[in-house]
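Take a look at the structure below.
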Amino acid sequence: MSTRELVVLGTASQVPTRHRNQNGYLLRWDGEGILFDPGEGTQRQMLRAGVAATDITRICITHFHGDHSLGLPGVIQRLSLDKVQHPVHAHFPASGAHYFDRMRHATAFFEQADLREHPIAEDGPIAAGKLTLEARRLSHPVEAFGYRLTEPDGRTMLPDRLRERGISGPDVGRLQREGRLGDVRIEDVSEPRRGQRFAFVMDTRLCDAVYALAEDADMLVIEATFLAEDTKLARDFGHLTAQQAARVAAESGVRQLVLTHFSQRYPDPARFLDEAKAEFDGEIVVAEDLERVPVPKRRSSPAGHREP
């Protein structure tokens with residue numbers, strides 16, 4: 001059975017708090033396990049959340065501030081300790097390659113894992129196959145990239161129409177592969193299925209890339225370090241407010257908004273929800289450590305049609 005969910009490993013900005021670990025997010029997407037921004041303590045949070053090193057197929061670092069990357073040494077060494085058999089692809093800003101190298105070899109260990117480095121130097125696709133992963137440069141005091149995962153549009157087979165035309169068993173797969181079986185076209189027995197989209201936006205001011213990453217996302221995971229009362233601080237330090245994040249979601253056709261990366265200055269997380277609700281009427285999640293957030297089910301509308 002395919003699983004699509006976000007496992008939240010940490011939600012604090014800059015430093016951990018009594019109730020929040022530093023950043024860390026594992027996106028389970030069918031056979032992929034994409035670990036985003038493993039901050040300090042990520043390996044322990046993985047244990048608490050029931051996430052194994054063998055679940056990880058990719059590591060995506062937005063930038064090399066410590067709260068987004070200091071968990072890398074432990075995670076990388078765990079890949080070898082647990083003898084992960086598949087390649088693990090690591091994506092990170094090329095300008096921080098020296099930081100990645102230092103953390104990859106931070107201490108002595110027997111390196112067995114097949115960790116493949118993919119430095120990012122410009123906007124665009126960085127991995128393709130069944131899914132397309134792309135990166136876009138954000139606006140932060142150090143170079144930072146956001147990530148977007150896109151599933152190709154496809155078609156959903158309709159059992160009633162298949163039965164009407166006497167198509168079953170292996171012939172269904174053949175029709176899907178070839179697009180036609182005798183005089184039956186795939187369009188006759190199926191309907192368009194819109195591919196799902198996921199966006200991950202961490203430390204940044206508002207910029208065009210934020211909107212490009214968020215466009216029509218089924219799930220948008222986005223930083224909300226500050227509240228609107230501290231908008232100037234957010235701009236000065238290269239961050240977003242919950243209000244700004246929610247406006248991005250509303251203007252970009254997002255279905256589910258996941259707010260995270262909260263400043264320790266705000267003890268009441270309900271304030272982030274209240275501020276976001278004033279701007280966005282879709283589903284809002286104020287992320288908590290160790291929470292599992294399912295990716296919304298597929299849209300029922302045809303590909304290319306935005307639901308009202």
Side-chain angles (χ1 to χ4, degrees), residues 1-8 25-34 36 55 57-58 60 86 89 124-135 146-201 211-222 248-258 280-285 291-308:
M1 177 183 293
S2 64
T3 299
R4 296 185 180 184
E5 67 175 1
L6 180 75
V7 183
V8 181
Y25 313 85
L26 182 85
L27 178 67
R28 297 186 189 272
W29 192 287
D30 301 342
E32 288 265 12
I34 306 175
F36 291 94
D55 295 331
T57 59
R58 293 186 188 275
C60 292
H86 55 259
H89 300 269
I126 56 176
K130 292 182 179 179
L131 301 168
T132 298
L133 181 66
E134 64 179 293
Y147 294 93
R148 177 179 170 89
L149 190 73
T150 304
E151 177 186 40
D153 293 336
R155 302 195 70 85
T156 297
M157 306 304 287
L158 302 174
D160 290 347
R161 294 188 189 178
L162 288 168
R163 281 195 297 270
E164 288 172 4
R165 290 161 173 79
I167 300 172
S168 62
D171 284 342
V172 176
R174 181 180 168 192
L175 177 59
Q176 289 176 306
R177 291 190 301 272
E178 299 178 8
R180 178 181 287 273
L181 187 66
D183 60 354
V184 178
R185 303 172 306 158
I186 193 169
E187 293 85 355
D188 299 329
V189 293
S190 66
E191 63 183 9
R193 183 189 70 222
R194 182 185 186 276
Q196 290 191 300
R197 294 153 171 78
F198 169 87
F200 187 82
V201 178
Y211 290 93
L213 292 163
E215 184 179 1
D216 286 337
D218 293 278
M219 176 186 282
L220 168 63
V221 180
I222 188 168
V248 167
E251 294 173 14
S252 302
V254 168
R255 296 177 64 199
Q256 183 185 55
L257 173 65
V258 180
F280 178 63
D281 60 4
E283 182 181 354
I284 302 171
V285 176
E291 184 173 9
R292 293 173 180 267
V293 186
V295 175
K297 294 185 181 299
R298 295 183 185 279
R299 301 179 196 247
S300 58
S301 56
H305 174 70
R306 181 184 294 178
E307 294 175 335

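Ring geometry for Phe200 against Phe36 counts as parallel: the plane angle stays under 30°, on a 0 to 90° scale with 60° as the upper cut.
A donor-acceptor pair under 3.5 Å is formed between the side chain of Asp153 and the backbone N or O of Gly195. Using a distance-only test at 3.5 Å, with no hydrogens or angles considered, no donor-acceptor pair links the side chain of Asp218 to the main chain of Phe198.
Between Ala217 and Ala199, the shortest heavy-atom distance links the atoms CB-CB, 4.3 Å. Shown here for Gln256 and Val285, the closest heavy-atom pair between the two residues is NE2-CG2, 4.3 Å. The nearest pair of heavy atoms linking Arg292 to Glu5 is NH1-OE2, 2.7 Å. Thr57 and Gly31 make their closest contact through CG2-O, 3.9 Å (heavy atoms, listed as atom of the first residue, atom of the second, distance). Minimum interatomic distance between Tyr211 and Glu251 (heavy atoms only, all atoms of both residues): CE2-OE1, 3.4 Å. When all heavy atoms of Leu220 and Val254 are compared, the pair lying nearest together is CB-CG1, 3.8 Å.
Rounding to the nearest 0.5 Å places OG1 of Thr150 at 8.5 Å from CG of Leu131. Remark: Asp188 CG to Ile167 CD1 distance equals 8.5 Å, nearest 0.5 Å. Going from atom CD1 of Ile34 over to atom CG of Leu26 covers 8.5 Å, rounded to the nearest 0.5 Å. Put simply, OG1 on Thr156 and CZ on Arg194 are 13.0 Å apart, with the number rounded to the nearest 0.5 Å. We find the CG-CD distance between Leu213 and Glu134 to be 6.5 Å, quoted to the nearest 0.5 Å.
Arg180 has its side chain within reach of Arg185: a pair of non-hydrogen atoms, C-beta onward, lies under 4.5 Å apart. Glu187 has its side chain within reach of Arg155: a pair of non-hydrogen atoms, C-beta onward, lies under 4.5 Å apart. Proximity of Met157 to Val189: side-chain heavy atoms (C-beta onward) are separated by under 4.5 Å at one or more points. For the pair Val7/Tyr25, no side-chain contact is recorded, criterion being any heavy-atom separation below 4.5 Å from C-beta on.
Of the candidates Met219, Glu32, Glu151, Arg4 forms a side chain to side chain contact (heavy atoms under 4.5 Å, CB included) with just one, namely Glu151.
Salt bridge annotation for Asp171-Arg165: absent, with no cationic side-chain nitrogen under 4.0 angstrom from a carboxylate oxygen.
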Decide side chain to side chain contact (heavy atoms under 4.5 Å, CB included) for Cys60 and Leu133; before the verdict, give the C-alpha distance in whole Å, the side-chain angles of both, and the deciding distance to 0.1 Å.
CA-CA 10 Å; Cys60 292; Leu133 181 66; 3.9 Å; yes
Begin with the C-alpha distance, continue with both residues' side-chain angles, and end with the deciding distance and a verdict on side chain to side chain contact (heavy atoms under 4.5 Å, CB included) for Arg197 and Arg148.
CA-CA 7 Å; Arg197 294 153 171 78; Arg148 177 179 170 89; 3.3 Å; yes
